[in-house]
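Single-structure report; data block below.
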Number of protein chains: 2
Amino acid sequence: MLSVATNSSMFVRPPMPTRTAGLPDGPLALMGAPMRFARNAEVYGEDEPAEYLYQVISGAVRTYRMLDDGRRQVVAFYLPGDIFGVEAGDVHLSSAEAVSEAQVLVAKRSAVLARAEREKQLSRQLWDLMVRELQRVQQHSFVLIKSAEERVAGFLLEMAGRSSGGASIELPMSRQDIADYLGLTIETVSRTFTQFVQSGLISLETSRRIQFRDRAALNRLNA
Amino acid sequence: MLSVATNSSMFVRPPMPTRTAGLPDGPLALMGAPMRFARNAEVYGEDEPAEYLYQVISGAVRTYRMLDDGRRQVVAFYLPGDIFGVEAGDVHLSSAEAVSEAQVLVAKRSAVLARAEREKQLSRQLWDLMVRELQRVQQHSFVLIKSAEERVAGFLLEMAGRSSGGASIELPMSRQDIADYLGLTIETVSRTFTQFVQSGLISLETSRRIQFRDRAALNRLNA
DNA sequence: CGCTGAATTGACGGACATCAAGATGTGTGG
DNA sequence: CCACACATCTTGATGTCCGTCAATTCAGCG
């Protein structure tokens with residue numbers, strides 16, 4: 001009934017991730033190894049045991065789940081600094097893939113949790129992380145009951161807010177990714193973009209580079 | 001554009017909640033006071049500081065958020081045994097109301113968290129609770145991208161699974177509640193129910209009492 | 001260049017919202 | 001216990017947003 005992740009070549013099994021030179025750590029004191037993932041490379045898969053926590057160093061990562069009819073629901077996009085993989089119990093309920101070439105810090109979950117038992121501050125950070133993740137997902141289901149126009153406007157503002165960019169942002173993900181995130185089709189996303197361009201809300205340098213022209217109007221749509 | 005929580009009288013400010021005789025505790029060792037809430041009484045409101053954790057003893061509770069245009073999104077229903085209020089950071093992002101007359105155990109959040117710092121087991125329970133809540137919300141956004149038929153089927157099965165009933169269950173919530181939970185209109189929910197009745201999947205003793213006649217078929221719809 | 005995947009645009013149909021009326025159920029006061 | 005008022009639920013007729021199918025344009029890369 002909607003948004004199938006078509007195009008088999010989009011999901012070609014990618015080359016093995018390889019270790020890369022170390023990079024400085026983020027806000028949370030994760031002790032882990034930096035790894036490099038090619039575009040569309042799998043970080044972890046649905047139903048795999050959840051042994052690690054992850055932090056994006058560069059690039060972007062998407063998590064998603066498949067419905068048995070082939071539809072794909074993108075649960076979240078993670079950008080540099082973001083930590084992911086916390087939502088899992090013993091096994092992952094979603095898969096994670098690199099949206100673009102990405103470096104990801106990988107830390108053993110058991111090690112982090114063990115250390116959290118001794119360090120109150122770390123424990124607190126993990127809890128806050130969990131709360132934020134929960135609120136993000138709630139916000140997401142909030143988005144899914146809105147109109148296409150509202151969803152896309154909300155998406156652009158969300159990305160703008162997280163990309164710490166100025167009047168223009170570079171989207172790392174394809175229209176198909178956006179569509180599956182918003183519960184729309186690629187065509188509807190595309191049409192909404194051009195509609196926004198025609199109304200002077202944004203303009204497109206390339207299909208992935210967005211210039212904001214009337215943020216107030218977008219905010220109004222983001223009811 | 002959809003599912004407005006109409007009918008002002010539905011939200012008439014209810015009588016003050018009053019304390020009630022104590023009741024035995026649930027799985028999580030919450031030390032709190034049982035309170036009684038009338039139908040539609042507010043347990044907590046959006047933007048209020050989150051000072052407590054809650055566990056349903058009897059009845060049912062819904063959490064929801066309002067869009068500024070009057071649409072309402074029901075985030076979750078909580079049944080006896082369920083703990084709610086964990087999703088909050090410092091303030092609540094959603095409101096909670098009794099769906100029906102309800103008894104709720106109310107425990108000071110700070111006390112629980114303080115005790116969790118000493119008792120590993122409690123800390124672990126809270127973490128698991130958080131994980132389950134996160135997965136529930138993810139599951140919910142999963143539901144919102146499906147067809148009306150699939151959503152309603154999924155809802156009935158979810159309720160059946162949680163109500164620990166046999167071949168028939170009593171829904172504590174109105175069609176409006178269901179509609180706002182599923183991101184549909186009251187009419188679509190109603191029509192889907194009658195469609196299920198006509199196809200012999202369920203039957204209705206009263207509008208709120210559902211008899212399951214063909215669970216396999218419902219499961220098939222719950223793709 | 002030409003090839004391939006990504007994005008855009010158009011025509012059309014269907015699922016669900018909207019608007020409106022009727023049916024059923026429930027609480028209240030005489 | 002009945003009758004009235006009001007809320008909830010159901011059913012019908014119509015409209016519209018967005019999905020589907022299909023063709024075209026655009027961008028990147030060998």
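The analysis underlying the following values was restricted to heavy atoms, covering all of them including side chains, and did not include hydrogens, waters or symmetry mates. Throughout, protein chains are lettered first and strands after them, A, B, ... in sequence-line order, and every chain is numbered starting at 1.
Between the OG atom of Ser163(A) and the CD1 atom of Ile210(A) there is a distance of 10.5 Å, given to the nearest 0.5 Å. Interatomic distance, CZ of Arg151(B) versus CG of Leu221(B), reported as 14.0 Å (0.5 Å rounding).
Between Arg191(A) and dT8(C) there is no side-chain polar atom (N or O) within less than 4.0 angstrom of OP1 or OP2. Within the 4.0 Å cut-off from OP1 or OP2 of dG19(D), at least one side-chain nitrogen or oxygen of Thr188(A) is found. The side chain of Ser174(B) contributes no N or O atom lying less than 4.0 Å from OP1 or OP2 of dT8(D).
Among the heavy atoms of the strands, none lies under 4.0 Å from Leu182(B). The residue Ser190(B) sits close to a base: some heavy atom pair falls under 4.0 Å. Contact annotation for Leu204(B): backbone-only contact, meaning every heavy-atom pair under 4.0 Å involves sugar-phosphate atoms and none involves a base.
The interatomic distance linking Leu171(B) (CG) with dT8(D) (P) rounds to 15 Å, in whole Å. For the pair Ile186(B) CD1 and dT11(D) P, the computed distance is 13 Å after rounding to whole Å. When the P atom of dC17(D) is taken as reference, atom CZ of Arg151(A) falls 14 Å away, rounded to whole Å. Rounded to whole Å, the distance from CZ on Arg175(B) to P on dT26(C) is 12 Å. Remark: P of dT10(D) and CD of Gln176(B) are 13 Å apart, rounded to the nearest angstrom. Atom CZ of Phe193(A) is separated from atom C1' of dC26(D) by 16 Å (rounded to the nearest Å). Here the P atom of nucleotide dG25(C) and the CZ atom of Arg209(B) are 15 Å apart, to the nearest Å. Atom CD in Glu187(B) sits roughly 10 Å away from atom P in dC19(C) (whole-Å rounding).
Partners of Asn222(B) by side-chain hydrogen bond (donor to acceptor under 3.5 Å, both in side chains), not counting sequence neighbours: none found.
Candidate nucleotides dC9(D), dG19(D), dC18(D) were compared by shortest atom distance to the side chain of Thr185(A), and dG19(D) ranks first.
When the nearest nucleotides of DNA chain D are assigned to Glu149(A) and Val189(B) by heavy-atom distance, the more 5′-ward of the two goes with Val189(B).
Ion pair Arg191(B)/Glu187(B) not flagged as a salt bridge, since none of the NZ, NE, NH1 or NH2 atoms sits closer than 4.0 Å to an Asp/Glu carboxylate oxygen. Between Arg162(A) and Asp82(A), at least one side-chain N (NZ, or NE/NH1/NH2) sits under 4.0 Å from a carboxylate O, which counts as a salt bridge.
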